[in-house]
Amino acid sequence: MLQKTKRPDSPVSIIGAGIAGAWQALLFAQAGHAVTLHERGDEAMTDATSHWAGGMLAPYCEAEIAEPIISRLGLRSLDIWRRELPDTPFNGSLVVAHPRERNDFERFARMTEDHRRLDAAGLAELEPSLEGRFRDALFFPAEGHVEPRRVLPQLHERIRAAGGTIKFESDVTANDLAKDPDRIVIDCRGLGARDEQSELRGVKGEMILIETAEVQLARPVRLMHPRWPLYVIPRENNLFMLGATSIESEDTGVSVRSALELLGAAYTVHPAFGEARIVEFGSGLRPAYPDNLPRIGIRGRTISVNGLYRHGFLIAPALAELTLAYVERGQIDNEVMQCG
């Protein structure tokens, strides 16, 4: 086990400035460690999985298909998001369905908690643009969402403000950094860590960014779908993200089938999306272990944080808190951590 560290004597090097590494760097820097965050890409982070993420903070909705550990980490993360970035929008989220998906909608309601059922009038009051579109909806008032391309730079600035250093275009390995016996190395490279963790695989998540001023939404809308949940997520400047597929593939293109399903879902949420301007197609590869659960691996003074799958923005703050608790107090979370 890693012995309790003395903060001035324990520099921390973190590899990967995506959402997992950024939260690790922020919490360690705030705790007084000398933090250096290494990122092989440039400051735009366009090659990072986080660049293509939805940014939904929805632990209650995810309980429909995710293991309980995701809900536990997600609920704790909501508190950390509120504490560290109090401007994070927590407007809740909505789940809707067309009549043909009614059984799935009712099953979703049974399998999730902390929601309120809205009738058509209640839905119209909450989201006027959806008036007359659905006969009812599930409203999850405690959930939130962030815009990854805006919030990641904010986290990077918070790291610098806490005394941390960020080095972009710094392609280092854990083995390189671990040569310093006093250094703690935290590897958050995602799929880049397959040189040491062959069990990692990439799961493709596709997204489309569209623009229209004809629809106004204050919160994400999840539309029931026979293959995967589809989202319409509001962004600033009349933008909406459509996502997210979950495909066992490691190519980075967007298929015609997926594009049709994503655009079709938006159109069925509101016909005005049919006249929206397509701004961008893209996809990211989410790092996942065979069980699709996150893992903090501990090997001496090298720690890996990986396997966040489709829950990166939801659970990254709680994982960082667990890593810090281990380094400073030797505290072990048996559901997430593996030693040796």
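In this structure, a donor-acceptor pair under 3.5 Å is present between the side chains of S93 and E143. No side-chain donor-acceptor contact under 3.5 Å links R286 and N292. D251 and S249 are linked by a side-chain donor-acceptor pair at a separation below 3.5 angstrom, with hydrogens and angles left out of the test. Under 3.5 Å, the side chains of E127 and Q216 contain no donor-acceptor pair of N or O atoms.
Here the side chain of S77 pairs a donor or acceptor atom with the backbone of L73 at under 3.5 angstrom. Put simply, the side chain of R301 gets close to the backbone of P181: a donor and an acceptor are under 3.5 Å apart. Without hydrogens or angle criteria, W23 side chain to E321 main chain gives no donor-acceptor distance under 3.5 Å. T112 places no side-chain N or O within donor-acceptor distance of the main-chain N or O of C61, the cut-off being under 3.5 Å.
Residues F134 and H270 keep their aromatic ring centres 6.0 Å or farther apart. Between F90 and H145, a ring centre-to-centre spacing not shorter than 6.0 Å is recorded.
Inter-residue side-chain proximity for E206 and S255 is flagged as met; some heavy-atom pair is nearer than 4.5 Å. With a 4.5 Å cut-off on side-chain heavy atoms, I184 and P11 do not count as touching. Considering only heavy atoms from C-beta on, V96 stays 4.5 Å or farther from F105 through its side chain. A 4.5 Å side-chain heavy-atom check between F273 and V215 finds at least one atom pair inside the cut-off. At least one side-chain heavy atom of L319 sits less than 4.5 Å from a side-chain heavy atom of I296.
Both tests hold for R295 against Y289: distance to the six-membered ring centre under 6.0 Å, angle to the ring axis within 45°.
In this structure, E199 places its CD atom where more than 12 heavy-atom neighbours from other residues, nucleotides or ligands lie under 6.0 Å away. R299 CZ: 12 or fewer foreign heavy atoms inside a 6.0 Å radius. Within a 6.0 Å sphere centred on CG of D79, other residues, nucleotides and ligands contribute more than 12 heavy atoms. More than 12 heavy atoms of other residues, nucleotides or ligands sit less than 6.0 Å from atom CD of E211. Around CD of E106, the count of heavy atoms belonging to other residues, nucleotides or ligands within 6.0 Å exceeds 12. Few gaps surround CD on E280; more than 12 heavy atoms of other groups in view lie less than 6.0 Å from it.
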Q.
Is there a side-chain hydrogen bond (donor to acceptor under 3.5 Å, both in side chains) between S71 and E62? Walk through the geometry before answering.
A. CA-CA 7 Å; S71 295; E62 288 302 314; over 6 Å; no
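Under the side-chain hydrogen bond (donor to acceptor under 3.5 Å, both in side chains) test applied with S170, the options H38, R40, E39 reduce to a single match, H38.
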